[in-house]
Amino acid sequence: MAAFVNFSYFDFVGSWLNYFRCSALSEKMIFLCREERVKAAAKGANLPARIEEFRLLQFLATSQTNLTGEIIMHHSTDTRSSAVAAAHSWNGETSANGKKPERVDQFYAADVFSIGEMRQRLPKNVFKKFMSTFESGHPLSSDVADVIASAMKDWAIENGATHYTHWFQPLTGSTAEKHDSFIVPDSHGGMHFSLSGSELTKGEPDASSFPSGGLRATFEARGYTAWDPTSPAFLMRGKNHVTLVIPTAFVSWTGHALDHKTPLLRSMDAVSHHAIRILKMFDSAEGVTRVVTTLGCEQEYFLVDRHLYYARPDLVTCERTLFGAKPPKGQQMEDHYFGSIPPRVLAFMAEVERELYRVGVPVKTRHNEVAPGQFEIAPIFETTNVACDHQMLTMETLRRVAPRYGMQVLLHEKPFAGVNGSGKHNNWSMVTNTGHNLLDPQDDTHSNTLFLLFLCAVIRAVDMHGDLLRSSVASSGNDHRLGANEAPPAIMSIFLGDMLTDIVEQLEKGTSARTLKGGTLDLGSRTLPQIPRDSGDRNRTSPFAFTGNKFEFRAVGSSQSVAWPNTVLNTIVADSLNHIANELEKRCKSDANPKARREAAQKVMQEIIRKHKRIIFGGDNYSDEWHAEAKKRGLANLKDCTSAIPALGSDKNVKLFEKYKVLTREEVESRVHIFMEKYAKELLIESEAMVLIGRQNILGAALAHQTALAHAVTAAEVAGVKAPQQRKALKEFVELVERYVQALDKLARADDHHEHDHLKYAKYMKEKVLPLMHEVRSLADELETRVSSDLWPLPSYRELLFVK
């Protein structure tokens, strides 16, 4: 035990010394600390006898000094007090730059090389060719690309840009960029600006330095970025720089997709092709050259004070708390959701929105979310690939702006145990280039054959490929929230609402003859208007719910790129659209009259509903009864990554991607490898961080508290006062610390494991390491409730969640 005491003391003194260095205190204070450390060593480091020295160090650490090292004031400047002071003193009426806010219409999309900007700068024939690419997907010729590149370069330079970058989304889950200057030296010692068509359309990052899942060896380095002309270029601004950002796809030298955007664009082509086949059969394709999927993502996130963030090594390393006892108040009062937004948070939100407006992101809503410290931002719908780019921009902007307000954004799916985690509700639909939303039921829905066909396509897609849809949102972070009473379960099902459920039941019997109406609500007061009521309620427990004129995929994780789940969603729906088109073509001759086509459509829809209605569920998805019912229906329940991700690589799913030319077998297998490897690596990082923090931070505090308890018991008994309860408390605490140390050691040994097979390694981490992490956390959280607050080294949940 003495060895532990000696180590604990020096560890504590050393930690204070490190605090002084990090806080940039004077050399005189550091000298005083060293002097006290030497005294302690000379006296054998008997901790009870060193309490006074420890108190001196604590005094020094919580005091401010002048340049000579003289103590000028004695008050707490620790991270907790600093965070509280920052929140308390924030003036919500003052913007970050002190300027009066401008009207949004004066700067919206000001930093976007938009269609309007191109129309003004490009020759008419070039602009017409570009719009053909933009609207119909026709490829651009090199001469057109040269003209566009020149105009884009001139616009960027006029706005202060010096560099351009091909911006892409590798399989890391974040974005990547390499900046190149517009500057080209001339032969006279001067320079000029240049951006050629070839430089606009193609870049060459190092493909071997990004995850490839075995598609590329380390020595096979060449990769290409290819301009996505349907996603507009924009400017990225900083205090002393402006860069032209060009959204691109990223592929290897062999043409394999090494990113999220390439398969997304392929899947959008597949949807468009087969949707147009159906539209043509019902004479609804006039003017339609393309059907695009649209997307609007609701981004949930947490905000914590930066002082507290940097005092939590687990948040800095893993973006989630590996330790943290449950506070007396969490979200049980249900008073945060849609509540008044704290002034500092509102100022942060406003600046985020201004930056997003400048680059054309149409953010619409902001509000408090369910958990304390949790918030949401959501945009208006856009074409899916543009929405995915804008979603990545939104996450980056949230992270970039938060420090200006002394806060840190947390996008992890479950940063805090015991309170709701964060998701990214994925609102998805299909729209023609003429503006017709194919998932808009309109007034007499029962007679809207096209809508019902596209609805049935989605029902069939989710039922046949629920495993693939589930795998698209699999991550270590999402494993913490899916299936809890805060997010949809891992079982995929569809909620349609009363009106559509009624119509589907009619179709199963043969025909649909009525549409339920919602009517109006009389609120019982003459001063309140009668308001229209929707024809059905919503179901927040459903993973895949119809919500008016779109489907909301609620299982997407808050930190992930939405491009991958939407690639999967597009692909499975394209498969169903192809099936429906084939069936209609079999049953109808090309010259069939409208009535015959509607009758054929009724038969096709009836067959789909009878075969796939098991996927429709309108009840409580959180309930145990639904889990039992889903099992009876034969619906998959892939509860975690080790069961969900391998489903991606099944022969059924590989053939699906190959059939619609979205991914090759090699590309699918590489993603299975990458996703499983990422899962295992994330767990290993968390586990090793837990051991490090547990030993360096928590153990020292526990031993200091233990020593203080022992000193109190000894002092009482020396004074002749019996203290049986204190002695009992000391004994129980010593046993708790011992169990904690043993659990830490077991976890450290478990981390020292190597496995070449990525699936086996992921299963090892899930089955062996994760339970040990839970054990360590449980013991550490119990220690937190017992250790003196002034000794506990980590900001508590109470502070992290409520200091705003």
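None of the values given here were measured: they were computed from a predicted structure.
The aromatic rings of Phe168 and Phe210 lie perpendicular to each other, with more than 60° between the two planes, well past the 30° mark.
In this structure Ala644 satisfies the side-chain contact (heavy atoms from CB on, under 4.5 Å) test together with Arg470, Ala474, Leu638, sequence neighbours excluded. Residues passing the side chain to side chain donor-acceptor pair (under 3.5 Å) test with Arg306 are Tyr310, Gln408, sequence neighbours excluded. Listed by chain and number, the residues in a ring-ring contact (aromatic ring centres under 6.0 Å, His included) with Tyr740 amount to none (sequence neighbours excluded). With sequence neighbours excluded, no residue forms a side chain to side chain donor-acceptor pair (under 3.5 Å) with Gln726. Residues passing the side chain to side chain donor-acceptor pair (under 3.5 Å) test with His758 are His673, sequence neighbours excluded. Annotation: side chain to side chain donor-acceptor pair (under 3.5 Å) contacts of Lys178 (sequence neighbours excluded): Asp180. Looking at residues two or more places apart in sequence or on another chain, you find a ring-ring contact (aromatic ring centres under 6.0 Å, His included) between Phe416 and Phe302, Tyr797. For Lys746, the salt bridge (Lys or Arg N to Asp or Glu O under 4.0 Å) partners at least two apart in sequence or on another chain are Glu775. Contacts of His336 classified as ring-ring contact (aromatic ring centres under 6.0 Å, His included), with partners at least two apart in sequence or in another chain: Phe375.
The pair Arg344-Asp305 counts as a salt bridge, with a side-chain nitrogen and a carboxylate oxygen less than 4.0 angstrom apart.
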Could you give the side-chain donor-acceptor pairs of residues 767-774 under 3.5 Å, partners two or more places apart or in another chain?
none

Please assess His179 against His241 for the test side-chain contact (heavy atoms from CB on, under 4.5 Å), listing each intermediate value before the final yes or no. CA-CA 12 Å; His179 296 203; His241 63 85; over 6 Å; no
Going through the checks in order, is the salt bridge (Lys or Arg N to Asp or Glu O under 4.0 Å) test met by Arg786 and Glu782? CA-CA 7 Å; Arg786 299 192 182 199; Glu782 187 175 352; 3.1 Å; yes
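Residue pairs that meet the salt bridge (Lys or Arg N to Asp or Glu O under 4.0 Å) test with at least one member in residues 794-804, sequence neighbours left out, are Arg80-Glu799. The salt bridge (Lys or Arg N to Asp or Glu O under 4.0 Å) analysis of residues 748-757, with sequence neighbours excluded, yields no pairs.
A donor-acceptor pair under 3.5 Å is formed between the side chain of Thr714 and the backbone N or O of Ala710.
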